[in-house]
Novice: 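Sharing a structure with you now.
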Amino acid sequence: MTFQDHMRRMGARALEAFPEALRPQIYVVSFRIWRNDSFDDRHPYLAIGCNTEDELRRALAGQRDPDPGEARWNYACWPLDEIAGVIGHDPADPTGAALHTAEVKELGLWYEDDADDDDDDEVSVRNELLELHFDEACIDLARHLHSSGRITEILGRPVPIVLFDMYRAGYEETLTEAANPPEVVADYLAWCRDEEVGEAGEPGEPGEPGETETGEAA
């Protein structure tokens, strides 16, 4: 079995683990990318969860100045209880950890902790490649859940899968766009781009018309 085979099998099981009572309420599936040792790219894992319309309503009710788009699409507003499961370097998935390690070793991406200090640049390059390798595995899983029809079969309709890595905030739009059919992820991407426009228009931003580099009126 390859690591890809394992990811696809475990990903389908994760969707099946969503309680049937919740499934009609699920509007987004979350793919949280993290690492068993926080910042060690040799030991990544994928935690799968979701958010529901009921949870969204509760979150909005608790906000003094509710922002429906933020509450719906910003993963920081989601419960992230990841009830469905974890794939990769986590005690719950020793098979996934072993398959991932074997694959990255075969690809020549692995390195040992006793590497010489002179190899820092090489380690940095390998970490970037390890990140890319796991990103591609997670994107492949999301695409497979869509193309195989599993997500529609289990949840009753197409639902976007939002990928994110808290260590690389801001990269979630790129990952998520690559992982979903355009029509499924359109609302999420529209929100992301509205946020980018809003941030670019904040008063006092350097380079904004009528502003100096220090943010003072010209």
Side-chain angles (χ1 to χ4, degrees), residues 4-36 44-64 66-96 134-135 137-166 169 171-173 175-192 195:
Q4 181 188 63
D5 293 335
H6 179 76
M7 288 277 286
R8 290 180 173 187
R9 184 178 67 175
M10 295 295 287
R13 286 184 182 177
L15 295 187
E16 292 166 355
F18 289 139
E20 289 193 18
L22 282 184
R23 293 179 188 179
Q25 291 287 327
I26 294 172
Y27 70 87
V28 66
V29 172
S30 61
F31 273 23
R32 180 174 67 88
I33 298 170
W34 199 238
R35 300 144 198 85
N36 186 263
Y45 66 79
L46 173 65
I48 299 177
C50 65
N51 202 18
T52 66
E53 296 288 355
D54 283 347
E55 184 62 36
L56 174 63
R57 283 190 284 271
R58 280 192 289 270
L60 288 169
Q63 293 179 3
R64 180 173 299 178
D67 183 335
E70 183 85 1
R72 175 173 287 274
W73 296 122
N74 189 336
Y75 64 79
C77 300
W78 302 343
L80 298 183
D81 51 14
E82 293 149 353
I83 57 175
V86 178
I87 308 171
H89 288 266
D90 183 87
D93 186 23
T95 300
F134 196 70
D135 286 349
C138 294
I139 289 168
D140 173 80
L141 171 57
R143 289 175 173 171
H144 174 72
L145 293 174
H146 283 298
S147 65
S148 67
R150 293 294 283 150
I151 195 163
T152 300
E153 177 187 344
I154 293 167
L155 299 182
R157 65 218 176 279
V159 171
I161 300 173
V162 172
L163 286 70
F164 60 95
D165 180 344
M166 295 177 183
Y171 195 42
E172 54 270 14
E173 180 180 350
L175 292 171
T176 301
E177 184 171 18
N180 292 270
E183 66 277 10
V184 175
V185 78
D187 288 348
Y188 172 78
L189 294 177
W191 172 76
C192 289
E195 289 292 294

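Only a predicted model underlies this, so the values are computations on that prediction, with no experimental measurement involved.
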Novice: Would you name the heavy atoms of Pro24 and Arg157 that are closest together and state the gap between them?
Specialist: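 In terms of heavy atoms, the two residues are closest at O-NH2, 3.4 Å.
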Novice: Do Arg23 side-chain atoms and Phe18 backbone N/O form a donor-acceptor pair below 3.5 Å?
Specialist: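 Between the backbone of Phe18 and the side chain of Arg23 there is a qualifying donor-acceptor contact (under 3.5 Å).
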Novice: Drop me the distance from Arg143's CZ to Ser147's OG, to the nearest 0.5 angstrom.
Specialist: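 Here the rounded value is 9.5 Å.
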Novice: Do the side chains of Glu55 and Arg58 get close enough for a salt bridge, i.e. N-O under 4.0 angstrom?
Specialist: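 Between Arg58 and Glu55 there is a salt bridge, with a charged N closer than 4.0 Å to a carboxylate O.
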Novice: Given side chains that start at C-beta, do those of Pro158 and Thr152 come closer than 4.5 Å, heavy atoms only?
Specialist: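 Yes, at least one pair of side-chain atoms sits under 4.5 Å.
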Novice: Which residue, Thr52, Asp54, Leu155, forms the side-chain contact (heavy atoms from CB on, under 4.5 Å) with Leu22?
Specialist: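 Between Leu22 and the candidates, side-chain contact (heavy atoms from CB on, under 4.5 Å) is satisfied uniquely by Thr52.
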Novice: Side chain to side chain contact (heavy atoms under 4.5 Å, CB included) between Leu141 and Met10: does it pass, once the steps are laid out?
Specialist: CA-CA 9 Å; Leu141 171 57; Met10 295 295 287; over 6 Å; no
Novice: Which heavy atom of Pro160 sits nearest a heavy atom of Val184, and at what distance?
Specialist: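 Looks like N-CG1, 3.5 Å.
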Novice: Could you report the tightest heavy-atom contact between Ile87 and Gly11, atom names first, then the distance?
Specialist: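 Shortest heavy-atom separation between Ile87 and Gly11 comes out as CD1-N, 3.7 Å.
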Novice: How far apart are the C-alpha atoms of Val159 and Tyr27, what are their side-chain angles, what is the distance that settles it, and do they pass the side chain to side chain contact (heavy atoms under 4.5 Å, CB included) test?
Specialist: CA-CA 6 Å; Val159 171; Tyr27 70 87; 5.5 Å; no
Novice: So how far is it from Leu145 CG to Asp140 CG, rounded to the nearest 0.5 Å?
Specialist: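 Nearest 0.5 Å value for the CG-CG distance: 9.0 Å.
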Novice: Do Leu80 and Met166 come close enough that some side-chain heavy atom pair is under 4.5 Å?
Specialist: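 Yes, their side chains come closer than 4.5 Å.
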Novice: Drop me the distance from Asp93's CG to Met7's CE, to the nearest 0.5 angstrom.
Specialist: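 Asp93 atom CG to Met7 atom CE measures 9.5 Å (nearest 0.5 Å).
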Novice: Tell me the closest heavy-atom pair linking Ala178 and Ile139, and the distance in Å.
Specialist: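 In this case the closest contact between Ala178 and Ile139 is O-CG2, 3.6 Å.
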Novice: A side-chain contact here means heavy atoms from C-beta on lying under 4.5 Å apart; do Pro91 and Val86 qualify?
Specialist: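 Sidechains of Val86 and Pro91: no contact.
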Novice: Is the shortest heavy-atom distance from the side chain of Tyr171 to the side chain of Ile33 under 4.5 Å?
Specialist: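 Heavy-atom side-chain distance check fails, nothing below 4.5 Å.
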Novice: Would you say Phe164 and Arg32 make side-chain contact, with heavy atoms under 4.5 Å?
Specialist: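 Yes - at least one pair of side-chain heavy atoms lies under 4.5 Å apart.
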Novice: Which label fits Trp78 and Tyr75: parallel for a plane angle under 30°, tilted from 30 to 60°, or perpendicular past 60°?
Specialist: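 Perpendicular.
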Novice: Do you know which of Val28, Thr176, Leu56 makes side-chain contact (heavy atoms from CB on, under 4.5 Å) with Trp73?
Specialist: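 Exactly one option meets the side-chain contact (heavy atoms from CB on, under 4.5 Å) with Trp73, and it is Val28.
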Novice: Determine whether Ile161 and Ile151 make a side-chain contact, defined as any pair of heavy atoms from C-beta on separated by less than 4.5 Å.
Specialist: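 Ile161 reaches Ile151 side chain to side chain.
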Novice: Taking atom CD of Glu70 and atom CG of Leu60, what is their separation to the nearest 0.5 Å?
Specialist: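 Between atom CD of Glu70 and atom CG of Leu60 there are 10.5 Å.
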Novice: Evaluate the side-chain proximity of Asn74 to Glu172: yes if any heavy-atom separation is below 4.5 Å, no if none is.
Specialist: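 No, their side chains stay 4.5 Å or more apart.
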Novice: Can you see which heavy atom on Leu163 is nearest to which on Ala179, and at what distance?
Specialist: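 Heavy atoms of Leu163 and Ala179 come nearest at CD1-CB, 3.6 Å.
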Novice: A quick test of your reading: do over 12 heavy atoms of other residues, nucleotides or ligands sit less than 6.0 Å from CD of Glu183?
Specialist: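 Yes, CD of Glu183 has more than 12 neighbouring heavy atoms, counting only those of other groups under 6.0 Å.
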Novice: Compare all side-chain heavy atoms of Arg72 with those of Glu53 and state whether any distance is below 4.5 angstrom.
Specialist: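 With C-beta onward as the side chain, the pair touches.
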Novice: Checking the side chain of Arg150 only, and the main-chain atoms of Arg13 only, is there a donor and an acceptor separated by less than 3.5 Å?
Specialist: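 No, the answer is negative, given that no donor and acceptor are paired below the 3.5 Å cut-off.
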Novice: Which heavy atom in Ala71 sits nearest to a heavy atom in Cys77, and how many Å separate them?
Specialist: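 Closest pair (atom of Ala71, atom of Cys77, distance): O-CB, 3.8 Å.
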Novice: Determine whether Phe31 and Ile48 satisfy the following criterion, side chain to side chain contact (heavy atoms under 4.5 Å, CB included), listing intermediate values before the conclusion.
Specialist: CA-CA 5 Å; Phe31 273 23; Ile48 299 177; 3.9 Å; yes
